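Data first, discussion second: the structure below is written as structure tokens.
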Amino acid sequence: MGARHEGLAPEREATVRALAARYAVQRTSLLPMLHDVQEHFGFIARQDVVTLADVLNLSIADVHGVVSFYTYFRTSPPLPHQISVCRGEACQAVGAEDLFAATRTAYRESADTEVSEVFCLGNCALGPSGTADGRLLGRLTVDRLTALIPPGRS
Amino acid sequence: MTTFYVPVDAAARSVGADEVAAALAVLHGACVVRTGSRGMLWCEPLVEVDTDAGRVGYGPVTPTAARELADLAGAEPPPTSPLRTAYLGLVEQHPFLARQRRLTTARLGVIDPGDLADYERHGGWAGLRRAFTMTPDAVVAEVTASGLRGRGGAGFPAGVKWATVAGAPGTEKCICANGDEGDSGTFADRMLIEGDPGSLLEGMLIAGYAVGAHTGVVYLRSEYPDAITTLRRAVESARAAGILGPNVLGSGFAFDVDVRVGAGAYICGEETSMLESIEGRRGEVRSKPPIPALRGLFGRPTVVNNILTLATVPAILADGGSTYAAYGTDRSRGTQVFQLAGNIARGGLVEVDFGVTVRELVEGFGGGTRSGRPVRAVQLGGPLGAYLPESALDLPMDYEALAAAGFMLGHGGIVVFDDTVDMARQARFAMEFCVKESCGKCTPCRVGSQRGMESLDRFLAGADPARELPLLDRICTTMAKGSLCAMGQLTPMPVRSALTHFPEDFAGGRR
């Protein structure tokens with residue numbers, strides 16, 4: 001508790017501490033805590049890194065290093081809609097690279113949809129695969145995506 | 001009352017199984033049971049109907065077929081019916097399943113994964129109960145006698161690993177189940193957990209009893225949300241039933257399981273990286289020695305086994321190690337759970353004895369490509385595995401035979417490509433994947449993959465192959481010989497196999 005907490009949003013900090021309190025105060029709890037924070041807020045803010053460092057008595061740099069290592073953890077708020085397209089080899093074999101390019105093109109002007117790549121969703125017999133707002137989709141086409149999440153205009 | 005079985009497996013759900021289940025559930029007199037998937041994934045959503053003769057299958061089906069499915073009640077559809085081509089007959093007699101030997105996956109697609117009583121009715125806990133009548137050393141000996149080797153890719157004998165942990169000094173030991181199944185073309189761990197989580201828990205319990213561990217951790221990928229949910233529910237059910245906890249099945253043996261979730265790092269499938277991640281750190285690999293069997297999770301002697309390895313143990317204990325060892329080839333005993341993926345007509349899960357040829361899997365079970373074009377390349381063993389040319393498809397699936405030919409089995413994933421594939425682009429992707437997924441700890445992997453990708457980019461843009469390809473070869477040598485773990489050591493495998501077996505794609509004059 002001290003100068004390093006200046007400028008933090010107190011409500012958010014209290015929520016992060018409450019989420020963290022469900023786990024043992026041990027380093028092994030760091031990933032579960034980060035998962036819970038991201039599930040609650042949609043992302044892990046700089047101030048959450050500071051809070052969790054304080055909870056676990058780790059350096060801020062140490063916690064930041066963990067957050068930045070894992071691609072699943074995001075440090076900025078997500079847009080309302082999330083699309084991911086698998087670029088693993090099994091999906092490439094059935095056109096994933098073209099699908100990924102076409103999906104990015106389809107949503108290029110959408111201000112509310114993020115398109116990202118992912119390497120393997122474990123749906124390799126029914127590729128190309130992807131997700132739309134968390135829902136796993138097999139035998140995926142751009143038409144199926146745009147039917148589920150209409151591309152908007154910015 | 002007609003009972004319908006509809007898979008709750010993520011792959012089946014990805015093509016509409018939930019909608020089919022919902023359409024059936026509202027019909028009068030219908031009872032819908034959600035099971036795992038049989039692994040006939042090209043037929044998903046696959047609905048099975050209970051009949052006196054057994055379960056009759058239809059797939060793929062759509063929600064609009066629900067009414068007709070109920071009316072048919074397992075009968076063959078008339079020639080005019082839209083369900084005619086979806087009719088599969090008695091599912092267990094379907095050639096795709098009838099030719100398999102399902103030991104690890106015996107209950108997959110049969111039982112309700114949310115019901116441990118259903119698990120027990122289908123032979124669950126029989127291996128554990130037998131283990132409890134034996135000494136821990138005798139349990140290790142049974143696993144050694146089975147010839148079971150690690151299914152994660154390295155193929156290390158499970159019994160030898162267990163004996164090392166059992167004999168290691170230390171009062172606290174751990175069982176870690178590696179479910180960080182990140183290889184493209186593999187999904188058997190996911191399907192097993194989503195369809196039969198009890199077999200994993202039983203395998204971990206037997207391993208814990210055998211080596212003297214009371215703590216188990218399952219590490220799952222964040223990309224597998226259904227598996228996480230199913231396994232966490234199974235752990236809670238097992239605790240409530242006294243199967244996990246201070247007194248397992250009244251034996252006095254204590255064991256509990258924690259489910260941990262990764263965060264999108266492929267490298268965490270490497271065992272020491274996984275241990276770092278569980279401990280709350282960046283998933284950077286550790287130097288070996290010490291091996292995890294002596295100093296693993298929190299410095300304790302630790303069994304790290306793949307999901308499939310552990311899930312095979314109950315059958316070995318229930319039926320005896322020698323029964324399991326009777327199947328397979330010389331030093332590759334038992335069965336392997338193969339996964340047919342990519343451009344394949346009949347993709348899915350195939351458990352058969354070791355010794356089956358790649359061709360039998362790709363053409364016999366898989367029916368060739370989905371596109372109908374000729375098979376040109378098959379990638380075996382995930383992103384770090386080699387690309388096989390068509391001429392290598394008659395190789396047997398056997399650890400030693402594949403290694404002698406310069407290939408590897410890995411986790412049993414088989415990714416099929418047709419003749420439109422550009423192998424130079426696949427080689428480039430192998431380097432790109434390593435750039436994105438390297439943990440960064442060692443220089444040959446972190447920098448070598450970057451330089452390898454740049455070299456291939458120059459080649460693809462038309463640079464002189466006489467300059468780029470020798471450079472690429474030196475980069476591959478440095479990565480293979482100098483990297484700390486399999487990621488950097490094996491990334492050259494797909495690259496070099498592409499160069500060796502598909503030289504026409506690396507000839508001069510690109511663009």
Side-chain angles (χ1 to χ4, degrees), chain A residues 23-24 26-36 38-39 44 52 56 58 62-74 84 86-97 116-132 134-140 144, chain B residues 10-11 13-15 41-42 44 181-187 189-191 221-227 260-266 268 277-284 298 339-344 347-349 370-371 379 382-383 413 415-418 421 425-426 429 433 436-437 439 494:
Chain A
Y23 297 96
Q26 291 169 348
R27 178 167 194 135
T28 182
S29 304
L30 179 54
L31 263 79
M33 289 175 179
L34 289 168
H35 273 292
D36 284 4
Q38 178 156 308
E39 192 180 328
I44 297 160
L52 291 179
L56 290 171
L58 299 168
D62 200 346
V63 176
H64 172 77
V66 172
V67 173
S68 63
F69 182 86
Y70 296 96
T71 51
Y72 178 80
F73 293 137
R74 54 178 307 147
S84 71
C86 177
R87 286 188 61 220
E89 287 90 338
C91 286
Q92 286 180 25
V94 284
E97 296 286 42
S116 58
E117 65 178 13
V118 63
F119 294 110
C120 199
L121 298 161
N123 197 22
C124 321
L126 297 176
S129 267
T131 63
R135 182 181 165 196
L136 181 66
L137 303 167
R139 296 180 189 131
L140 188 57
R144 189 154 171 225
Chain B
R13 296 183 62 220
S14 83
V15 288
L41 294 176
W42 80 96
E44 298 289 359
E181 185 180 51
D183 284 0
S184 175
T186 66
F187 43 81
D189 295 350
R190 179 188 63 68
M191 287 189 64
R221 310 175 68 211
S222 54
E223 291 88 343
Y224 285 1
D226 289 11
R260 301 296 290 261
V261 180
Y266 174 78
C268 289
S277 184
I278 296 169
E279 291 183 10
R281 301 172 202 280
R282 294 162 67 89
E284 292 181 359
F298 307 116
Q339 299 123 84
L340 305 180
N343 194 334
I344 191 149
L349 184 142
R370 193 200 295 177
S371 62
Q379 189 176 26
V415 177
V416 178
F417 293 81
D418 72 12
V421 67
R425 292 208 168 275
Q426 296 311 119
F429 177 78
F433 186 70
K436 288 182 171 158
E437 298 296 341
C439 81

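Excluded from the calculations below are hydrogen atoms, water molecules and symmetry mates; all remaining heavy atoms, backbone and side chain alike, are included. These numbers come from a predicted model, not from an experiment.
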Going through the checks in order, is the side-chain contact (heavy atoms from CB on, under 4.5 Å) test met by B/Arg13 and A/Leu136? CA-CA 8 Å; B/Arg13 296 183 62 220; A/Leu136 181 66; over 6 Å; no

Stepwise side-chain contact (heavy atoms from CB on, under 4.5 Å) test for A/Phe69 and B/Cys439: CA-CA 8 Å; A/Phe69 182 86; B/Cys439 81; 4.0 Å; yes

Test side-chain hydrogen bond (donor to acceptor under 3.5 Å, both in side chains) on B/Ser277 and A/Tyr70 and set out the steps. CA-CA 10 Å; B/Ser277 184; A/Tyr70 296 96; 2.9 Å; yes

Stepwise side-chain contact (heavy atoms from CB on, under 4.5 Å) check, A/Phe119 with B/Phe433: CA-CA 9 Å; A/Phe119 294 110; B/Phe433 186 70; 3.6 Å; yes

Let me see the working for A/Cys124 and B/Thr186 under side-chain contact (heavy atoms from CB on, under 4.5 Å), right down to the final yes or no. CA-CA 7 Å; A/Cys124 321; B/Thr186 66; 6.0 Å; no

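At least one donor-acceptor pair closer than 3.5 Å links the side chain of B/Arg190 to the backbone N or O of A/Gly122.
Within the 4.5 angstrom heavy-atom criterion, only side-chain atoms of B/Phe298, from C-beta onward, approach chain A. Using a 4.5 Å cut-off between heavy atoms, B/Leu41 contacts chain A through both its backbone and its side chain. For chain A, the nearby parts of B/Arg281 are the backbone and the side chain; heavy atoms of each come within less than 4.5 Å. Looking at B/Asp226, neither its backbone nor its side chain comes within 4.5 Å of chain A, counting heavy atoms on both sides. Contact of B/Gln379 with chain A is made through the side chain alone, with heavy-atom distances under 4.5 Å. Contact of B/Glu437 with chain A is made through the side chain alone, with heavy-atom distances under 4.5 Å. For chain A, no part of B/Val421 is nearby; none of its heavy atoms comes within less than 4.5 Å.
A heavy-atom distance below 4.5 Å is found between the side chains of A/Gln92 and B/Gln426. Side-chain contact between A/Cys120 and B/Arg221 is present, with heavy atoms from C-beta onward closer than 4.5 Å.
Scanning both residues, A/His35 and B/Ser222, for their nearest heavy atoms gives CE1-CB, 4.4 Å. Closest of all the heavy-atom pairs between B/Ser184 and A/Ala90 is OG-N, 2.9 Å. A pairwise comparison of heavy atoms in A/Ala93 and B/Val416 identifies CB-O, 3.3 Å as the closest pair. Smallest separation of non-hydrogen atoms from A/Arg139 and B/Val15: NH1-CG1, 3.8 Å. Here the closest non-hydrogen pair linking A/Ala125 and B/Leu340 is CB-O, 3.6 Å.
At a cut-off of 3.5 Å, with distance as the only test, a side-chain donor of B/Arg260 or A/Thr28 sits close to an acceptor on the other residue.
Looking only at heavy-atom pairs under 4.5 Å with chain B, the residue among A/Met33, A/Arg135, A/Arg87, A/Gln38 that has the most is A/Arg87.
Ion pairing of B/Lys436 with A/Glu117 is present here, as a side-chain N (NZ or NE/NH1/NH2) and a carboxylate O approach within less than 4.0 Å.
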